[in-house]
Amino acid sequence: MFIVIRLNHSPLTIHHRPLPIHIIMTHNATHPQLATAFNKDEARVGWHDETLWWVRQKRDKAAWALPEWEQLRDTASAIKQNVLSNLHDYLVQFEQQALANGVKVHWAADAKEHNEIVHSILQQHNVTQIVKSKSMLTEECGLNEYLANNKVEVIDTDLGERIVQLANEHPSHIVLPCIHWKKEEIGELFHQHLNTPEGNADPKLLTAAAREHLREKFLTRKIAITGVNFAVAETGEFVVCTNEGNADMGAHLADVHIACMGIEKIIPKREHLGVLLRLLARSATGQPVTTYSSHFQQPNAGQEMHIVLVDNGRSVQLGREDFRNSLKCIRCGACFNTCPVYRRSGGHSYHTAIAGPIGSILAPNLDMKKYADLPFASTLCGSCSNVCPVKIDIHNQLYKWRQVLTEEGHSPKSKTVAMKVMATALAKPGLFKAGGKMMRWVLKYMPWLVNNKMNAWYKQREMPAPPEQSFTEWYKKNRT
Amino acid sequence: MSSKEKILAAVRASQPALQPLPDVNDIAAVQFENNVAQFTAVLNSIGGLVVNATHTDAIKEYVKNNFAEGINGITTVAKLNDFPLLSTETEAHLLANIDVAILPAKMGVAENGAVWLTEAEYGIRALPFICQHLIVMLQQHTIVQNMHEAYKKINKEQYGFGVFIAGPSKTADIEQSLVLGAHGPESMTVFILP
């Protein structure tokens, strides 16, 4: 789906960091392959893991501080269930209200149409340079690449997004876009692009440099794109949450504000913002609320405001009974931070705009073949479902996708072969017993036969000593 | 068939049977004994500063003591006659030179230290974001318990633009190190007034 930009230099010579996602996509690498590459640097994996776990712990503290936390989750879940069951009417109502507020509303059936709509607004105003605050939807649609191919310069203004953009990468996390970058590397990147002193990796200095660099963009760009966290059917307003204030700096200083949103971002009433805003930042970073929760109801005086409502597979997912609940997602990233697989494999190993457990449910809806590996990138431990502020049964859906993908013939080959062997053995007790006996003998006398590179099970694992006898043998001997 | 018709038809065909909407009034939210104390503790913990004052003169004193002489201050509160009054005709981009903006909030929220501002009171949308330092005037009795109460109070009000602000602009994108003053104000001071 992404439009690929080919770089002049070979991907192998870039750096030791995970490869940029557009390169990953041309190479058709799978999650296990990309995770293996990420795992080569063990110290970095440990650091990545610990950093995200720290964010997860901050989330826990914030959640535990509210005795009504579980009630909030139940309520948020029910609000979103209602939205999904009445989405048609809410979309119609939202459009009516937004139009009455003086906002222009566009409908895009897919990523291509979304990109074309945005580009056409730019063309109407003869604008070739824009600023954009965080919007995972535009990442999903490959908007930056599309506009670049049409000679439009897009400056991402969220600090983390700007960092990955300067490095020609995509965000590796929906809330913490450059969580895989070390400050020394950012110092080097900023030295090259923003002229900061060589060897200086002070976050304060680097942030100040980015502030100065981006202020100039805010003050000179005529069109700003933002994402949307919530859109209220009752009032036609939409809410954008940031800590940096970059969405507001862009939107209020531009002549034209374009807000891009997936159709599932609708909520029925303004009062529902109270529930969802209480959950969002606490789940994301452990903050009681984001610094800015900006409510856009009408265009600024003399300004044009556009909303682009995007389907891009959402109406299909809505029709998949087992997976429709994934559309309740409010993009807090809590499931990423808690996931033992995400923390140790990095966001780019998911080779899709929205990584992590929730992304692994959303991506196969868009392309089953391409993303068949993702529902298998999970231990099914259920931690994601436990932290989800809108109670999406993420791990159940990952498990269900595995069955759908296997039925459709898309499951990973290595797993398919192993599963078939296992199914045969389990169906025939005699074979199972003989196999068990043989393996105990092999593990004891010829461990190298199984503990080698051919056997993925042995990666990063040591096996315990094999027992002398099977349970059945032990039971026969001891039952009297 | 337009994309709108296509999307709406697909949504209608896919959406499940109607599920009930919960009543947000059923949420048994934690109640703080002292709204002001809770608001103060939370805002101070997220990089803001709360000053309890009896009179707006305290703001003038605070600015004099904390900022260099000759700083560029501005306000939309007419009674603060020590500072130039913002003309709503001002071109927003020119506000990039404002060091300190003193703006009125309509409400504070105890649970998260946020203040609610609407465009109608503070004049130009960009101002609380583009200024280097933000000072907010908040009347003590307007502090509510939580976001549920806040939205009850906002009710059906029409505002072109409204915003909850909780602390200075900040980022932790570089190795999760908190830095104040990402794009917007480096500091936020809330004066709680009677």
Side-chain angles (χ1 to χ4, degrees), chain A residues 51 66-68 71-72 75 78-79 81-82 84-88 91 107-109 113 159-160 163 176 178 182-183 186 203-204 206-207 211 214 219 243-246 248-249 252-253 263 268 270-275 277-278 287-289 291-298 300 311 315 318-319, chain B residues 2-4 6-8 10-22 24 26-30 42 46 92-93 96 111-114 125-126 129-130 146-148 150-152 154 158-177 179 181-184:
Chain A
T51 309
L66 290 184
E68 68 270 31
Q71 198 187 7
L72 278 174
T75 310
I79 292 169
Q81 297 276 22
N82 169 267
L84 297 181
S85 72
N86 196 29
L87 188 57
H88 174 279
L91 281 166
W107 300 73
E113 192 175 7
L159 176 59
I163 289 166
L176 318 163
C178 66
K182 295 214 167 189
K183 61 183 179 194
I186 298 168
K204 213 173 159 180
L206 298 175
T207 302
R211 177 187 170 99
L214 290 166
L219 289 167
N243 280 320
E244 298 183 7
N246 56 315
D248 291 280
M249 285 290 279
H252 304 319
L253 293 171
I263 52 174
R270 190 180 265 169
E271 65 184 20
H272 299 130
L273 288 169
V275 179
L277 287 176
R278 293 189 82 196
Q287 293 170 256
V289 68
T291 305
Y292 304 105
S293 309
S294 299
H295 299 49
F296 294 88
Q297 195 170 21
Q298 287 158 356
N300 208 346
D311 182 345
S315 59
L318 185 63
Chain B
S2 70
S3 287
K4 175 184 165 181
K6 253 195 316 203
I7 294 167
L8 286 175
V11 166
R12 196 197 279 282
S14 293
Q15 69 190 23
L18 189 65
Q19 302 287 309
L21 196 55
V24 296
D26 290 344
I27 294 169
V30 61
V42 175
I46 55 177
H93 294 74
E111 71 155 318
N112 57 23
R125 280 188 196 191
F129 308 96
I130 201 169
N146 53 43
M147 295 297 272
H148 308 300
Y151 281 106
K152 245 185 213 154
I154 294 171
Q158 289 280 318
Y159 39 74
F161 177 77
V163 60
F164 282 106
I165 303 182
S169 154
K170 62 183 165 194
T171 181
D173 273 342
I174 301 176
E175 277 199 20
Q176 288 295 295
S177 302
V179 180
H183 299 293

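For A/L214, the part lying under 4.5 angstrom from a heavy atom of chain B is the side chain only. Contact annotation for A/P268: only side-chain heavy atoms (C-beta onward) come within less than 4.5 Å of a heavy atom of chain B. Proximity to chain A (any heavy atom under 4.5 Å) is restricted, for B/P20, to the backbone atoms N, CA, C and O. For A/L159, the parts lying under 4.5 angstrom from a heavy atom of chain B are both the backbone and the side chain. Heavy-atom distances place both the backbone and the side chain of A/R270 under 4.5 Å from chain B. For A/L66, the part lying near chain B is the side chain, with the backbone staying farther off; criterion is any non-hydrogen pair under 4.5 Å. With a 4.5 angstrom heavy-atom cutoff, B/Y151 touches chain A only via side-chain atoms. In this structure, the portions of B/V163 lying under 4.5 Å from any heavy atom of chain A include both its backbone and its side chain. When heavy atoms are compared at a cutoff of 4.5 Å, B/A150 does not approach chain A at all. Residue contact with chain A, scored on non-hydrogen atoms closer than 4.5 Å, involves the side chain of B/V42 exclusively. A/L219 touches chain B through backbone and side chain together, each having a heavy atom under 4.5 Å away. Of the two parts of B/I46, only the side chain, counted from C-beta on, holds a non-hydrogen atom closer than 4.5 Å to a non-hydrogen atom of chain A. For chain B, the nearby part of A/T51 is the side chain; its heavy atoms alone come within less than 4.5 Å.
A donor and an acceptor atom, one from each side chain of A/E244 and B/T171, are located under 3.5 Å apart.
Residues A/Q287 and A/N243 are in side-chain contact: their nearest non-hydrogen atoms beyond the backbone lie under 4.5 Å apart.
Ring orientation note: the planes of B/Y159 and A/H295 are nearly perpendicular, at an angle over 60° on the 30°/60° scale.
Closest heavy-atom contact between B/G167 and A/T291: O-CG2, 3.2 Å.
Between chain B and the residues A/Q298, A/H88, A/K183, the largest count of heavy-atom pairs under 4.5 Å involves A/H88.
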